[in-house]
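To start, the structure under review is shown below, and the notes come after it.
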Amino acid sequence: MARRKIIAGNWKMNMTPSQAVELCNTLKDLVVTDEADVVYCVPAIDIIPVVEAVKGTNVEVGAENMYFEDKGAYTGEICASMLVDAGVKYVIIGHSERRDYFRECDCLLNKKVKKALEAGLTPILCCGESLEQREMGVTMDWIRLQIKSDLVGVTADQVKGMVIAYEPIWAIGTGKTATTQQAQEVCKGIRDCIAEIYDTDTAEAVRIQYGGSVNAGNAAELFAQPDIDGGLVGGASLKADFGKIVNYK
Ligand code: PGA
């Protein structure tokens with residue numbers, strides 16, 4: 001069965017609540033499509049107004065992060081049940097900015113993935129290598145380690161419903177996209193890794209996105225690759241261009 005494409009915006013730390021609603025209104029007619037799932041992953045404070053603003057459209061809302069505990073004394077954190085109650089369907093876990101600036105390790109990310117799944121959220125689990133790692137020739141070893149560690153204790157059925165985003169760190173926000181071949185090669189490598197850990201059915205079902213300087217000009221070629229099931233889009237998700245990315249064909 002063909003995998004349905006999923007194209008998600010990652011707004012990062014952009015858009016005040018009122019700007020967020022304005023952006024939703026600007027994009028509303030531009031992101032209409034029957035062919036892909038469309039998601040806006042937005043800052044926590046924008047979740048409630050954005051859920052309201054996209055009501056009745058084809059857009060679902062995602063969070064950019066969450067904590068793995070159920071509730072309690074974790075000042076500043078947000079738990080899965082809060083996201084679910086607010087109408088969130090997806091959550092980005094392990095973005096390289098969180099791994100790097102906030103020191104999130106695979107052991108923590110594994111707990112977050114399991115909690116998100118348990119709560120009925122779809123994790124968008126991010127992985128990706130640095131430029132140094134690519135130049136040393138250890139890209140796939142590194143990504144396999146991330147995937148394997150982040151999925152400890154996650155069942156095949158759960159993985160089938162998940163999204164994995166391959167984002168080479170050197171391509172994020174730099175305007176330097178991975179070549180179509182590089183992106184396809186790693187996304188296929190991730191699928192092979194899932195087949196090894198689980199089975200081919202699971203590998204065929206899991207959706208794998210490419211992220212890193214995706215724009216209206218390169219989306220069509222990237223998303224046409226056999227193992228690339230859409231994109232996680234940063235900068236270009238904040239502009240009308242996101243409509244062109246969603247309707248890339
Ligand atoms: P970018 O960001 O599209 O601005 O490179 C992608 C991401 O970090 O998810």
Side-chain angles (χ1 to χ4, degrees), residues 3-17 19-21 23-24 27-28 30-33 36-68 77-99 102 104 109 112-128 150 154 158-167 172 206-212 214 219 223 229-239 242-243 245-246:
R3 289 179 298 272
R4 188 171 161 80
K5 295 274 194 260
I6 175 162
I7 299 165
N10 173 12
W11 290 10
K12 308 195 179 185
M13 199 172 73
N14 295 293
M15 299 288 137
T16 64
Q19 290 169 336
V21 171
L23 180 61
C24 291
L27 291 178
K28 202 178 222 151
L30 306 176
V31 297
V32 174
T33 175
D37 293 335
V38 181
V39 184
Y40 299 162
C41 297
V42 308
I45 197 163
D46 295 340
I47 287 172
I48 289 174
V50 168
V51 166
E52 191 57 37
V54 301
K55 252 190 200 138
T57 74
N58 59 316
V59 175
E60 298 279 15
V61 179
E64 297 177 12
N65 182 30
M66 56 163 258
Y67 198 52
F68 67 86
E77 292 295 321
I78 289 179
C79 62
S81 62
M82 292 173 182
L83 297 178
V84 171
D85 189 63
V88 167
K89 300 282 192 264
Y90 294 84
V91 57
I92 298 177
I93 293 179
H95 190 280
S96 62
E97 286 149 18
R98 298 231 43 105
R99 291 178 186 261
F102 303 98
E104 294 197 0
L109 298 173
K112 292 188 179 195
V113 168
K114 285 193 282 201
K115 182 54 72 173
L117 288 164
E118 190 187 304
L121 293 164
T122 300
I124 300 178
L125 173 65
C126 300
C127 59
D150 299 345
V154 178
Q158 288 176 319
V159 172
K160 284 179 187 162
M162 276 182 63
V163 178
I164 296 174
Y166 165 54
E167 300 202 303
I172 295 177
V206 67
R207 291 190 288 179
I208 304 176
Q209 298 174 314
Y210 168 78
V214 173
F223 300 170
D229 305 316
L232 184 56
V233 184
S237 71
L238 301 170
K239 308 186 280 194
F242 191 61
I245 296 174
V246 166

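- Proximity of a side-chain donor or acceptor of Gln209 to a complementary backbone N or O of Ile6 within less than 3.5 Å is detected.
- Taking every heavy atom of both residues into account, Ile48 and Ala86 meet most closely at CG1-CB, 4.2 Å.
- You'll find the side chain of Pro43 reaches within 4.5 Å of the side chain of Glu64, heavy atoms only.
- What you find for Ile124 and Ala165 is that their closest heavy atoms are CG2-CB, 4.0 Å.
- The CG atom of Leu232 sits 8.5 Å away from the OG atom of Ser237 when rounded to the nearest 0.5 Å.
- Ile172 places a side-chain heavy atom less than 4.5 Å from the side chain of His95.
- Each of Leu83, Val61, Leu121, Asp37 was scored for a side-chain contact (heavy atoms from CB on, under 4.5 Å) with Tyr90, with one residue passing: Asp37.
- Distance alone, capped at 3.5 Å, places no donor-acceptor pair between the Glu104 side chain and the Gly94 backbone.
- One distance of note links CD1 of Ile245 with NZ of Lys239; it measures 8.0 Å at 0.5 Å rounding.
- Separating the OG1 atom in Thr16 from the CG atom in Asp46 is a distance of 7.0 Å, to the nearest 0.5 Å.
- For the pair Lys112 (side chain) and Met66 (backbone), a donor-acceptor distance under 3.5 Å is present.
- Of all heavy-atom pairs between Val214 and Ala236, the closest is O-CB, 3.6 Å.
- Here the CG atom belonging to Leu238 is positioned 9.0 Å from the CG atom belonging to Leu27, to the nearest 0.5 angstrom.
- Under the side chain to side chain contact (heavy atoms under 4.5 Å, CB included) criterion, Leu117 pairs with Val113, Pro123, Val154, Gln158, Met162, not counting sequence neighbours.
- When side chains are defined from C-beta on, Asn58 counts as touching Thr33, because their heavy atoms get closer than 4.5 Å.
- Screening Val31, Ile47, Leu23, Asn10 against Tyr40 for a side-chain contact (heavy atoms from CB on, under 4.5 Å) leaves a single residue, Val31.
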Which is it for Val50 and Trp11 under the side-chain contact (heavy atoms from CB on, under 4.5 Å) test, yes or no, and what are the steps along the way? CA-CA 12 Å; Val50 168; Trp11 290 10; 4.1 Å; yes
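- Atom OG1 of Thr122 and atom CD1 of Ile93 lie 10.0 Å apart (nearest 0.5 Å).
- Here the closest non-hydrogen pair linking Gly62 and Val39 is N-CG1, 3.9 Å.
- With hydrogens and angles ignored, the 3.5 Å screen pairs a side-chain donor or acceptor of Arg99 with a backbone N or O of Cys126.
- Put simply, CD on Glu118 and OG on Ser81 are 10.5 Å apart, with the number rounded to the nearest 0.5 Å.
- In this structure, the side chains of Met15 and Val42 stay at 4.5 Å or more apart for every pair of heavy atoms.
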